[in-house]
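Reviewing the structure listed below.
As a basis for the values below, the full set of heavy atoms in this structure was taken, side chains included, without hydrogen atoms, waters or symmetry mates.
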Amino acid sequence: MSTANTGKGKERDEKPESQGSVPARHFIQEIVDEHRKTGKFEGRVQTRFPPEPNGYLHIGHAKSICLNFGLAAEYGGKCNLRFDDTNPVKEDIEYIHSIMEDVRWLGFQWDGLFYASDYFDRLYAWAEQLIENGKAYVCDLGGDDVARYRGDLKGGKESPYRNRAVEENLDLFRRMKAGEFPDGSRTLRAKIDMNSPNFNMRDPVLYRILHAEHPHVGNKWCIYPMYDWAHGQSDSIERVTHSICTLEFENHRPLYDWCLDALGIYHPQQIEFARLNLTYTVLSKRRLIELVTDGRVNGWDDPRMPTIAGIRRRGYTPDSLRAFCKEIGVAKFNGTIDVGRLENCVRDDLNRRAPRVLGVLRPLKVVIDNYPEGQVEEFDAVNNPEDPNAGTRALPFSRVLYIEQDDFREDPPKEFFRLAPGREVRLRYAYFLKCVGVIKDEKTGEVLELHCVYDPATKGGNAPDNRKVKATIHWVSAEHARKVEVRLYDHLFAKPNPDDVPEGQDYKANLNPQSLVTLTDCRVEPSLASATVGERFQFERLGYFCVDPDSKPGALVFNRTVTLRDTWAKIDSAQKKR
RNA sequence: UGGGGAUUGGUGUAACGGUAGCACGACUGACUCUGGAUCAGUUAGUCUAGGUUCAAAUCCUAGAUCCCCAGCCA
C-alpha cells in the first residue's frame, strides 16, 4: 500500500477550516467514481506505473506516479510497477534499478513488480491466435516500404502480403520467432484498415525482428512485440481497471481497444491526462539523455537535472515533490507550470523541518577593534523557530568574524539597511556592531576588511536603551568556522521556454552558463562539522542547503537546494533597472 | 488539406444551465533578532461571433488558436 497519504499536506487537508470546503476532484477521480457507482469493475480500482527502462525518471514521471499510486491508495486498490520493456536496444538494467529506487524514494510501494517481458509467451500465443482468426499477417515489406504504403492524409495502400493464407502466416511467424530471418526483414502486422484516418489503425506492426539481448529475459527472444501489442494485454493480464497514460496516447486508444476486443479478453479502460511541462527546463527523455551523454551536465543525478535523482541530490524532500504534484492538479490541458511553484513547495517543506545554521558564502573579514583579543563567548542559537522541540545550540563568538560580502555596502543605496560605514546592525544572537573603518585594495578598490566596534551592553542582541537597528546579519567566528565548498544552482536554461531560439539553433543554445557556480571558500559554523550526506539545513537569510555525496571527511560540499525568498534582491534589481 | 484532443486572471485549477471560486505569483500593510516565516488586504479571467433560455464558462452553430498522429520508439 502506498505511504503517500501519510504526508503532512494530507493532514492539513483533512481538517479544512472553512465549512464545506471539499477538495476539488479531478476528472479521473470523477470517472472512477462513476465506475464505482455503476459497478463497471465491480468497484475495483487498479492502476499501474509502466515506465520503459530506457532512462531515468523525471519530475513528469513523478506526476504520473503520484496519480497512479495515489488513486490506488485513495480507493483501497492496487498499483503495480510494470516495466514496459519491449525494446531491448534502448533499455538497460541500470535504468531498472534507478526507477525502483526513485519510486521508493518518492514514498510509494508497489503491490506487484512486473515486466512486460515476462508476458512475452502469452503475447506470442495471442499473436498466433490473431493470425488464426485472419486478423494479422506476416509482411515482407521493408521499413521504407511500410511507411510508403501507410500513405498520407488521403489514405494508404494495402501490403501485397496482406492476404497470405493463415497457414503461411503461421509458418512464417514461427520461423521469425525461430530466428530464421534477419532484423527488419519481416514484421507481423494487424489487419485493420489502410484507409483509417487514424494512422495507428493502418495495419500497425505488432512484432519486429530484433536479434538483441534483453536486459530482463536475456537471449530468449529475437522477435519483440511493439508497445501497442504489449501494453493493453499486459494491463489485461494484471486486471488493471484504469490504464492511465499521457495525451499523446489518445490516438492509440482505438488500437488499444481493438487488440483487447480482437482477443476477447478482459478490457481495462485507458484514460489520458496532460503530461507535465515546466519552465526553464526540458522534460523529454531524448533531451535528458542528450544532456547527459554530451556532458552538458554531470550525469543523470546532476542537481540541475529535472530527474528525480537530480532533484533528490539537489536536496528536495519526497514530501515536497508529492505536494507539488498534488498542487498542480490533473487535467487534459497541456500547460506549463512555473518552476517557481516547485521551488515554493520545497521552501514550504524545508521551512518547517530544516535546522537553521549560520554560514557565509562570500566571506568578508571583520575585526572588532574593541573586543578583547583571545576572548571567546558562546551564544545560544535557536535550531528551528518553526519547531519548538528542535532545541538550541552554542555559537562561538570572537574578535575576528566573517560576514557576507553582500551585507556590506560602502555606499549604500536607498533601502539597503545592512552594514555600511558608520552604520549599526545586529549580529544574529550576539551584539550590535558598528562599522568604523574600511580597508581596501589600493589598486582594485576591493573591500578587504572591515573594522568595527561592538556595544557590550547589547549582548544577546537587545539594547538596554531600546534603540533599534534595521538589520540583523549572519556571521561566523573566523577562528571556529569550517571551510566548505558550496555549489549554487540556477535554472538549467536561461529562458522559460528552452525552445525559444533563433532560427537554425536548438534548445541547447539556451543552456544557462550560470546554472552552476561553485564557491570554494565558504565558512560555516562549527556545529556543521559533523553533518552527514543528505542532511538539509537552512543557512539563515540565504537558503536551504544539503550535504552532497561528493563530501569527504573534513571537506564538506553543500548544494544549494533553493534560496530563501529575497525581498531585497527584488528591490535591488528593480533599482538597477531604473 | 485527414483524424484525435484542448482553450476560465500572469500561471495552474474549480464551477456539470442559477452569486465565476481556490491555489501560486504580483502589489499594500502589520509583525519580526532571518529583508525568511506568519497574518491581513488588493489585483486580475470565461478564445471570437452568432443563437437557444427568465438565466450560458456550461447547450447549439460557425470560426480562431494551440497540442498530438504518417517509428520495425514508448
Euclidean distance, atom [atom1] of residue [X] to atom [atom2] of [N] [Å, nearest integer]:
| X | N | atom1 | atom2 | answer |
| --- | --- | --- | --- | --- |
| A:E343 | B:A23 | CD | C1' | 17 Å |
| A:F249 | B:C73 | CZ | C1' | 9 Å |
| A:H231 | B:A74 | NE2 | P | 11 Å |
| A:L278 | B:G12 | CG | C1' | 12 Å |
| A:F333 | B:A15 | CZ | P | 16 Å |
| A:D203 | B:C72 | CG | C1' | 14 Å |
| A:N200 | B:A74 | CG | C1' | 12 Å |
| A:F324 | B:U13 | CZ | P | 11 Å |

Could you work out which one of [options] sits closest to the side chain of [X]?
| X | options | answer |
| --- | --- | --- |
| A:E540 | B:U34, B:A6, B:C16 | B:U34 |
| A:N87 | B:G3, B:A15, B:A74 | B:A74 |
| A:F199 | B:G2, B:A74, B:G35 | B:G2 |

Classify the side chain of [X] and the base of [N] as holding, or not holding, a donor-acceptor pair under 3.5 Å.
| X | N | answer |
| --- | --- | --- |
| A:E248 | B:C69 | no |
| A:R418 | B:G35 | yes |
| A:E386 | B:G36 | yes |
| A:Q538 | B:U34 | yes |
| A:N344 | B:G25 | no |

What is the pairing partner of [N], taking Watson-Crick or G-U wobble pairs with both distances under 3.5 Å in any strand?
| N | result |
| --- | --- |
| B:C24 | B:G10 |
| B:U53 | none |
| B:U19 | none |

*Sugar-phosphate only, base, or nothing, as touched by A:V330 at under 4.0 Å among non-hydrogen atoms*: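 If one applies the 4.0 Å heavy-atom cut-off, A:V330 turns out to touch the sugar-phosphate alone, with no base involved.
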
*So what does A:R356 hit on the nucleic acid, given a heavy-atom distance under 4.0 Å: a base, only sugar-phosphate, or nothing?*
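Base contact - A:R356 has a heavy atom under 4.0 Å of at least one base atom.
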
*asked:* Go through it in stages, so that I can follow the logic: the residues are A:R48 and A:E238, the test is salt bridge (Lys or Arg N to Asp or Glu O under 4.0 Å), and I'd like the CA-CA distance, side-chain angles, deciding distance and then a yes or no.
replied: CA-CA 9 Å; A:R48 97 270 91 111; A:E238 293 171 17; over 6 Å; no

*Using 4.0 Å as the upper bound for N to carboxylate O, is an ion pair formed by A:R418 and A:E404?*
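No, no charged N to carboxylate O under 4.0 Å.
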
*Hey, are A:R36 and A:D33 close enough for a salt bridge, meaning a charged N less than 4.0 Å from a carboxylate O?*
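Salt bridge absent between A:R36 and A:D33.
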
*What form does the base of B:G51 take, syn (within 90° of 0) or anti?*
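Glycosidic conformation of B:G51: anti.
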
*asked:* Could you check whether any side-chain N or O of A:S320 sits under 3.5 Å from a backbone N or O of A:V346, counting only pairs where one atom can act as donor and the other as acceptor?
replied: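 No; zero donor-acceptor contacts below 3.5 Å.
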
*Could you tell me whether A:H231 and A:Y227 have their ring centroids closer than 6.0 angstrom?*
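They qualify: ring centres under 6.0 Å apart.
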
*Say you pick atom C1' in B:C54 and the same atom in B:A62; how far apart are they, in whole Å?*
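So the two C1' atoms sit 26 Å from each other.
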
*Is the distance from OP1 or OP2 of B:A74 to the nearest side-chain N or O of A:T86 less than 4.0 Å?*
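For B:A74, OP1 or OP2 has a side-chain N or O of A:T86 closer than 4.0 Å.
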
*With nearest nucleotides of RNA chain B determined for A:N198 and A:I571 from heavy-atom distances, which residue corresponds to the more 5′ nucleotide?*
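Residue closer to the 5' terminus by nearest nucleotide: A:N198.
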
*Would you find more than 12 non-hydrogen atoms of other residues, nucleotides or ligands less than 6.0 Å from A:K332 atom NZ?*
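Atom NZ in A:K332 is packed in, count exceeds 12.
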
